[in-house]
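Atoms within a ligand are numbered from 1 in the order they appear, just like the ligands themselves. For reference, positions follow the sequence shown, starting with 1. The figures that follow rest on heavy atoms only: side chains count, while hydrogens, waters and symmetry mates do not.
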Amino acid sequence: MQVGYKYKYNYMKTMKKSLVAASLLLLVTLSASAQISITIDANKPGAVINKDIYGQFAEHLGAGIYGGMWVGPDSTIPNTRGWRNDVVGALKNLHVPVVRWPGGCFADEYHWREGIGDRSTRPVKVNTNWGNVTESNAVGTHEFFDLIDQIGAEAYINGNLGSGTAQEMAEWLEYMTSDSKSTLAELRRKNGHAAPFKIAYFAIGNEAWGCGGNMTVQHFTDLYNQYASFAKTPREDTPKFIASGGHDDDTSWSDYLTAHIHPQWNMHFDAISFHYYTLPTGMWEKKGAATGFTEDQWISTLKNAMRIDTLIKNNVAKMDKNDPAKKVAFDIDEWGTWYSVEPGTNPGFLFQRNTIRDALVAALNFNIFHAHADRVRMTNIAQMVNVLQSMIVTDNDKMLLTPTYYAYQLYVPFQNATVLPLQIQHNPQYKFGATSIPEVSASAARAQDGKLVLSLVNTNPEKSVELEVSVPGVSISSLQGHVLSANKMDAVNTFDHPDTVQPVPYNVAAQKGKLIVTLPPMSVAVFSATDRSN
Ligand code: AHR
């Protein structure tokens with residue numbers, strides 16, 4: 001009896017506990033499955049998303065230029081004046097707005113005079129930054145401007161502050177932009193370009209804290225003021241001048257530069273640059289693999305990518321203090337994933353494979369850049385072809401488009417669109433181990449054609465998410481768009497299977513006045529809609 005009572009008592013206690021647990025579970029499940037909703041405010045237009053946020057970077061590094069884009073006019077690979085037709089065509093389709101050249105670290109060892117005139121007599125150098133390979137100087141100023149003309153992009157030239165003189169920089173600018181009868185302008189004409197080249201952006205130095213000269217910010221600032229004083233260009237066609245800035249968690253460059261270079265002194269100073277790379281482990285010594293990774297590095301990579309939001313906020317806070325009118329832009333001219341080098345490739349060539357994870361990294365960054373569009377006016381992913389998080393991979397005459405290419409393609413309607421504020425309600429956390437990130441990332445804007453554009457990212461590689469989209473006061477009957485997804489976390493496009501990761505059309509019709517979108521696991525979707533307020 002005693003035993004029975006005890007048993008009964010324990011049974012009741014256990015039952016009670018289970019009931020409590022079950023109701024808690026029900027509550028948790030109910031709240032976790034509450035409808036995720038996105039509410040867009042179409043009446044409060046924000047900043048314009050400068051098209052140059054979708055900029056690219058092409059450095060003399062590995063097969064980034066030689067082989068990947070430039071094959072020379074005598075190549076059997078179809079080309080126009082040396083530039084591959086297949087690659088140029090793909091970049092044209094991507095609406096690349098601006099290309100940064102010639103580096104990177106390479107820029108601070110680049111001497112422009114070695115890259116003009118007869119190609120057969122140009123000095124041959126060693127690319128000491130990237131694999132100590134031969135640099136033929138076949139691609140120089142005229143070839144670069146021909147490339148961007150073919151693509152339909154603008155030029156972002158990075159000047160050499162680290163190992164070049166103020167005079168060399170001033171003369172390069174004169175050579176490119178002067179319409180006078182000066183000897184340098186005449187030399188440009190003799191070399192085949194009668195009209196001045198148009199430069200949209202010009203950077204003075206690159207990573208001055210590192211490969212660009214290992215300087216203190218104070219020393220760099222003095223040099224910037226000096227070099228910028230002599231950087232003369234036609235008044236009506238002046239590029240935006242960029243001071244090489246900081247990186248990662250270091251905000252001191254943003255602070256010091258904006259406090260000590262004053263645009264009102266008539267000094268060319270339109271932006272500071274910033275570099276941030278996404279490493280799966282966060283450690284440079286052991287970055288993490290591009291493929292064959294497990295879910296812990298899926299989530300850590302996305303989480304590390306999203307850190308750019310905090311980094312921008314921290315830097316912008318310093319800039320707001322010194323430049324409250326927001327004259328100076330915060331241009332992130334190097335960003336993207338950087339993995340352990342692909343086994344069997346030259347470590348100096350920074351070649352890595354590109355998966356659906358890279359497409360999500362790109363999309364998460366875009367959504368964050370849009371949110372800071374009032375300060376972030378240009379970014380350049382590293383890099384355009386065959387290097388780091390590239391758009392395109394080539395192998396001799398073959399070419400393939402990466403998942404990152406398709407992320408850029410989906411976001412084209414955001415170029416020069418106007419940000420619309422949005423709220424995400426009941427956004428669950430996607431968790432793996434001790435790490436968690438929001439499951440949904442989103443951004444909305446009014447595109448130049450008047451349509452409403454919405455981008456959505458589902459960071460969860462296992463689960464689809466359903467969400468309701470609404471625009472109060474506006475009726476939308478359908479969303480037309482595309483979704484990019486894959487069936488495994490490291491899905492890649494290969495030369496044999498180039499279409500494994502590709503956007504597919506995805507349209508959503510309103511049902512009983514509701515727009516319900518189901519995002520597949522690990523996906524990026526971009527939709528447009530015509531609303532009645534147009
Ligand atoms: O993008 C590769 C290199 O990374 C660039 O040359 C340099 O600026 C950065 O360290």
Below a 4.0 angstrom heavy-atom separation, can you tell me which part of [X], side chain or backbone, both or neither, approaches ligand 1?
| X | answer |
| --- | --- |
| Phe106 | neither |
| Trp335 | neither |
| Leu388 | side chain |
| Asn206 | side chain |

State which residues pass side-chain contact (heavy atoms from CB on, under 4.5 Å) with His111; sequence neighbours excluded, sorted by chain then number.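 Applying side-chain contact (heavy atoms from CB on, under 4.5 Å) to His111 gives Glu114, Lys125, Asn160, Ser163, Glu168.
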Exercise: do [X] and [Y] side chains pair donor with acceptor under 3.5 Å:
| X | Y | result |
| --- | --- | --- |
| Ser441 | Asn367 | yes |
| Ser244 | Glu207 | no |
| Thr294 | Asp296 | yes |
| Glu334 | Tyr277 | yes |

Which atoms of ligand 1 are found less than 4.0 Å from any heavy atom of [X]?
| X | value |
| --- | --- |
| Gln383 | 1 (O), 2 (C) |
| Trp338 | 4 (O) |
| Phe57 | 1 (O) |

Measure centre to centre between the rings of [X] and [Y], then say whether the value is under 6.0 Å.
| X | Y | answer |
| --- | --- | --- |
| His247 | Phe274 | no |
| Trp101 | Phe144 | yes |
| Trp335 | Phe57 | no |

[atom]: nearest protein contact (heavy atom, Å):
| atom | value |
| --- | --- |
| atom 10 (O) of ligand 1 | Glu207 OE1, 2.8 Å |
| atom 1 (O) of ligand 1 | Tyr277 OH, 2.8 Å |
| atom 8 (O) of ligand 1 | Glu334 OE2, 2.7 Å |

Using distance alone, determine whether Cys105 and ligand 1 share an N or O pair under 3.5 Å.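 The answer is yes, given that Cys105 and ligand 1 share an N or O pair closer than 3.5 Å.
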